[in-house]
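Below you'll find the structure, written out as structure tokens, and then a few comments.
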2 protein chains.
Amino acid sequence: MTDAKHHDNQARAADNLISVFEHQILDGTLQDGEPLPTEREIVQTYGVSRTVVREAVLALSNKGLVDARPRFRPVVRKPGYDAAIQAVGSIVMRLLTVPGGVRNLFDLRIMMEVALAREAALHADRDHIADLKSALEANEAAIQDSHLFFETDTAFHGVLYDVPSNPVLPSIHQAYTDWLSNHWKQMPRQPDRNIKNARAHRAIFEAILLRDPDAAEAAVRAHLDAAWTQVRETFNDL
Amino acid sequence: MTDAKHHDNQARAADNLISVFEHQILDGTLQDGEPLPTEREIVQTYGVSRTVVREAVLALSNKGLVDARPRFRPVVRKPGYDAAIQAVGSIVMRLLTVPGGVRNLFDLRIMMEVALAREAALHADRDHIADLKSALEANEAAIQDSHLFFETDTAFHGVLYDVPSNPVLPSIHQAYTDWLSNHWKQMPRQPDRNIKNARAHRAIFEAILLRDPDAAEAAVRAHLDAAWTQVRETFNDL
DNA sequence: TTTATATTTTTGTCATACCAAACTAACAGA
DNA sequence: TCTGTTAGTTTGGTATGACAAAAATATAAA
């Protein structure tokens, strides 16, 4: 899915260097956490100019394969779900700026959490249900404290992302939570909403307890539809 | 969710230039399809070196904000779902290389298509059902032609991604289709599987016709579980 | 008007240089 | 011996200038 497929690009010197390091990282020649050679070393090893080296390193950084802080040696970062989702983050952020972007992405979240709730209702084991229960109780105990409520709220939802034991899902939830906490300070603070949300969480939990996927779906939909009005108020200008 | 949050980076000159163009693209100062100024123009306008300009342009390209073919002027590409998903593509590709990555992502696809099938069973309108019907018939008519079958197969699934009229979904399907077609030549070619798959498609279609989400879900799961064996045979080394 | 050719821009790459930040090693004191 | 300081070295970020090759443009020819 690289650009090279869509345009009839001819390979640049930088592209070769990029793929060299890409392979070295993937096949373990360059271990995770290890720094890349210095730019001048690479220049000598591969017989290219520093310009090309710099371009390649930057590309690797943008691809999320290395962690490049200014003035520091780039550090190899093995592809992992967290790293990948994080690299995706800035792109998704931009989607929020297109007309209706927030709504579309929120709908995607609804679709996902509905599926997760159904899944949980059908297949959650004792441990998951115990986690869900404690997360719910922590959330209910935090209704007075807006900040704590926010944290326990996302934690409750996070349990749902853990049920299918697919490591991609927690990463997605983490990314969403990160984004939400960035904008949380702008969101209206209303304790009565906390009460409503906590009730919604309990409804979801009980539907899962009863192993009733349809009820779980309905509860999640009701909960997130209500949450949407909060989100819309915050992003009404989009 | 930029790296700047995780490390105590201090801004580089290039970063400033990047954000300048980022803003200009987002607020429409630089229109979609319009080429960026020439490098030397940017040098004069912003008083930076060409090194910095190149670095910034490359970063914008990696972010998917401009379409940069070698030796051509970079062209502004408004953030759209297609561009975003495409930019995400290389990252997702890497996830396929981690142990179990293929399985985890395929599970994600199952979760998504199950949700889409349920959605279609509940809310597909006449047009969608007509599209689905013609896609199904085209698929059934192509059982003998492996290549055509592949195309009509993905087209049938694509209709499901169109039902919720959320523009993110078709982009996701497009990205998946692109990836799949890249590896399609390696996949075993078995006409009897075409028959099975066509039957599975019909089962999905009929469940949607009957507005039976549970049956639709079951049909999709059966279909994709079978498809998984095909995928696994192709990527057994992962 | 269209086509072919010549001219000018522009990009990709290289080489070199400088500064400031990061790194390293020598050193002094506890 | 260990620790903290300091001076010297290395390295990344940026600037500048140069050149070949490809692209864009202008010009000439049909």
Side-chain angles (χ1 to χ4, degrees), chain A residues 2-22 24-25 30-31 33-77, chain B residues 2-22 24-25 30-31 33-77:
Chain A
T2 168
D3 279 10
K5 233 192 48 188
H6 302 285
H7 316 291
D8 48 346
N9 293 357
Q10 52 202 57
R12 298 168 305 149
D15 293 324
N16 298 333
L17 196 54
I18 292 172
S19 67
V20 164
F21 282 113
E22 214 165 9
Q24 289 196 1
I25 292 174
L30 285 168
Q31 287 293 334
E34 187 181 349
L36 247 51
T38 68
E39 295 182 353
R40 287 167 173 90
E41 260 181 281
I42 301 175
V43 165
Q44 294 204 323
T45 307
Y46 297 94
V48 293
S49 74
R50 232 179 115 205
T51 311
V52 173
V53 173
R54 204 135 231 304
E55 207 159 302
V57 170
L58 180 60
L60 292 173
S61 166
N62 287 123
K63 287 184 167 198
L65 276 169
V66 302
D67 201 2
R69 304 140 64 202
R71 301 218 148 266
F72 286 80
R73 297 267 286 286
V75 174
V76 172
R77 187 170 48 175
Chain B
T2 169
D3 278 10
K5 233 191 49 187
H6 303 283
H7 317 289
D8 47 345
N9 294 356
Q10 48 202 61
R12 299 170 305 154
D15 292 324
N16 298 333
L17 195 54
I18 291 172
S19 68
V20 164
F21 283 113
E22 214 165 8
Q24 289 196 1
I25 291 174
L30 285 168
Q31 287 292 333
E34 185 180 353
L36 248 51
T38 67
E39 294 180 353
R40 284 164 175 89
E41 263 182 278
I42 301 174
V43 165
Q44 294 203 324
T45 307
Y46 298 94
V48 293
S49 74
R50 225 178 119 213
T51 313
V52 171
V53 173
R54 298 203 108 252
E55 205 157 304
V57 170
L58 179 62
L60 292 173
S61 167
N62 288 127
K63 287 184 166 201
L65 276 169
V66 304
D67 201 3
R69 305 141 62 201
R71 300 219 150 267
F72 286 79
R73 295 268 286 286
V75 173
V76 172
R77 187 170 47 176

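Taking atom CD of B:Glu41 as the reference point, atom P of C:dT10 lies 7 Å away to the nearest angstrom. Rounding to whole angstrom units, CD1 of residue B:Ile42 and P of D:dA15 are separated by 13 Å. Here the P atom of nucleotide D:dT14 and the CD atom of A:Glu55 are 14 Å apart, to the nearest Å. With rounding to whole Å, B:Leu17 atom CG is found 15 Å from D:dA15 atom C1'. Rounded to whole Å, atom P of D:dG17 lies 16 Å from atom CD of B:Glu39. Taking atom CZ of residue B:Arg73 and atom C1' of nucleotide C:dT8, one finds them 14 Å apart after rounding to whole Å. Atom CZ in B:Arg69 sits about 21 Å away from atom P in D:dA21, given to the nearest Å.
For B:Leu36 and A:Phe72, each mapped to the nucleotide of DNA chain C holding its nearest heavy atom, the one lying further toward the 5' end belongs to B:Leu36.
Taking both residues in full, the closest heavy atoms of B:Gly33 and B:Val75 are given as O-CG1, 3.3 Å, listed atom of the first, atom of the second, then distance. Of all the heavy atoms in A:Ile18 and A:Ala59, the pair that sits closest is CD1-CB, 3.5 Å. Of all heavy-atom pairs spanning A:Glu22 and A:Leu65, the tightest one is CG-CD1, 3.4 Å.
Using a 4.5 Å heavy-atom cutoff, the side chains of B:Leu17 and B:Ile42 are in contact. B:Phe21 has its side chain out of reach of B:Val66: every pair of non-hydrogen atoms, C-beta onward, lies at least 4.5 Å apart.
Remark: B:Val57 pairs with B:Leu36, B:Val53, B:Pro74 by the side chain to side chain contact (heavy atoms under 4.5 Å, CB included) rule, at least two apart or across chains.
For B:Ala13, the side-chain atoms get nearest to D:dT14 when compared with the rest of D:dT14, D:dG12, C:dT13.
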Atom pairs, N/O to N/O, protein against nucleotides 15-19 of chain C, distance under 3.5 Å?
residue, atom, partner, partner atom, Å
C:dA17, N6, A:Arg50, NH1, 3.3

